[in-house]
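Computed from a prediction, not measured in an experiment: that's the story for all the values here.
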Amino acid sequence: MNLVIMRHGEAGWHTLDQQRELTDAGRLATAAVARQLADSSWRPTLIWSSPLIRAHQTATIVSEILNCPVQEKPFLTPDDDPGLSLDTLIHESEKNLMIVSHMPLVGSLSTLLVDGHRHGIPFMTSQAILLDMPIVGPGCADLRDQYLP
């Protein structure tokens, strides 16, 4: 499986975290990363997105540029356990997948897949990484590329 993990674009302030929307800068940075993905030799055929507005907006921008569908997944919110994502990935048949979510989940999921622990690495907004996983499991992924806004 090839897996791109992306943090949502820069979001503005809102009294309810779930209602935060992308800023203009966040939209532009997301589109820039999506164009880098479009120019690469790897393209997702499906995007999983957090249901929160800022992640869904990010996934929609990427989807429009890469021409692939988006599915919202309830286990991709900021404080969800990365083990839930791993459990679902183990049973996923899609071979070219992208996940759009939030910190700290994107950081902890990445380190779980690459290093087998959940300490987490930092992600900039709109940053994406490409993982190659011959088999899906803790510590089974190799970091192949990163895409920065």
Between the CG atom in Leu16 and the CZ atom in Arg20, the distance rounded to the nearest 0.5 Å is 11.5 Å

Minimal heavy-atom distance between Met103 and Gly107, with the atoms involved, is SD-N, 3.9 Å

field: Hydrophobic cluster membership, Val4 vs Ile121, 4.5 Å side-chain cutoff
entry: no

Q | Side chain to side chain, Met124 and Arg7, heavy atoms closer than 4.5 Å | A | no

Kindly work out whether a path of hydrophobic side-chain contacts (I/L/V/M/F/W/Y, heavy atoms less than 4.5 Å apart) joins Leu3 to Trp42. no

One should read off an interatomic distance between Asp132 CG and Asp142 CG, to the nearest 0.5 angstrom, of 6.0 Å

Contacts of Gln146 meeting side chain to side chain contact (heavy atoms under 4.5 Å, CB included) (sequence neighbours excluded), chain-then-number -> Gln127, Ile129, Leu148

For Ala59 and Val70 the tightest heavy-atom approach is O-CG2, 3.7 Å

Contact between Leu112 and Leu86 at the side-chain level, heavy atoms closer than 4.5 Å - yes or no?
yes

Checking Gln18, His102, His56, Lys73 against Ser50 for side chain to side chain donor-acceptor pair (under 3.5 Å), the one that qualifies is His102

Practice problem: Answer yes if Phe75 and Ile90 sit in the same cluster of Ile, Leu, Val, Met, Phe, Trp and Tyr residues linked by side chain heavy atoms under 4.5 Å apart, and no otherwise. | Solution: yes

CG (Leu84) and CG (Asp81) are apart, to the nearest 0.5 Å, by 5.0 Å

### Task
Please tell me if the side chains of Glu10 and Arg54 come closer than 4.5 Å, counting only heavy atoms from C-beta onward.
no

In this structure, CG of Asn2 is separated from CG of Leu97 (nearest 0.5 Å) by 10.0 Å

dist Thr45:OG1 -> Glu94:CD (nearest 0.5 Å) comes out at 3.0 Å

Cluster membership besides Ile135, Ile/Leu/Val/Met/Phe/Trp/Tyr side chains within less than 4.5 angstrom, sorted by chain and number, is none

Exercise for review: Please tell me if the side chains of Ser110 and Phe123 come closer than 4.5 Å, counting only heavy atoms from C-beta onward.
Suggested key: yes

**Message:** Quick one, Leu105 and Pro82 - any side-chain contact, counting heavy atoms below 4.5 Å?
**Reply:** yes

> Ile5, Val62: one ILVMFWY side-chain cluster at the under-4.5 Å cut-off?
Replying inline: no

Exercise for the section: Find out whether Trp48 and Ser101 are in side-chain contact, i.e. whether some heavy atom of one side chain is under 4.5 Å from a heavy atom of the other. Expected result: no

From the list Leu22, Val100, Leu52, Thr30, side chain to side chain contact (heavy atoms under 4.5 Å, CB included) with Gln57 holds only for Leu22

Note: Ala128 and Val33 closest approach over all heavy atoms is CB-CG1, 4.1 Å

Report yes if the side chains of Gln71 and Leu46 come closer than 4.5 Å at any heavy-atom pair, otherwise no. yes

Same hydrophobic cluster for Met98 and Leu89, using side-chain heavy-atom links shorter than 4.5 Å among ILVMFWY? no

Those residues at least two apart in sequence (or on a different chain) that pass side chain to side chain contact (heavy atoms under 4.5 Å, CB included) with Ala38 are Arg43, Ile65, Leu66

Output for pair (Ser126 OG, Arg27 CZ), nearest 0.5 Å, gives 11.0 Å

State, yes or no, whether a side-chain contact exists between Ile99 and Leu76 at a heavy-atom distance under 4.5 Å. yes

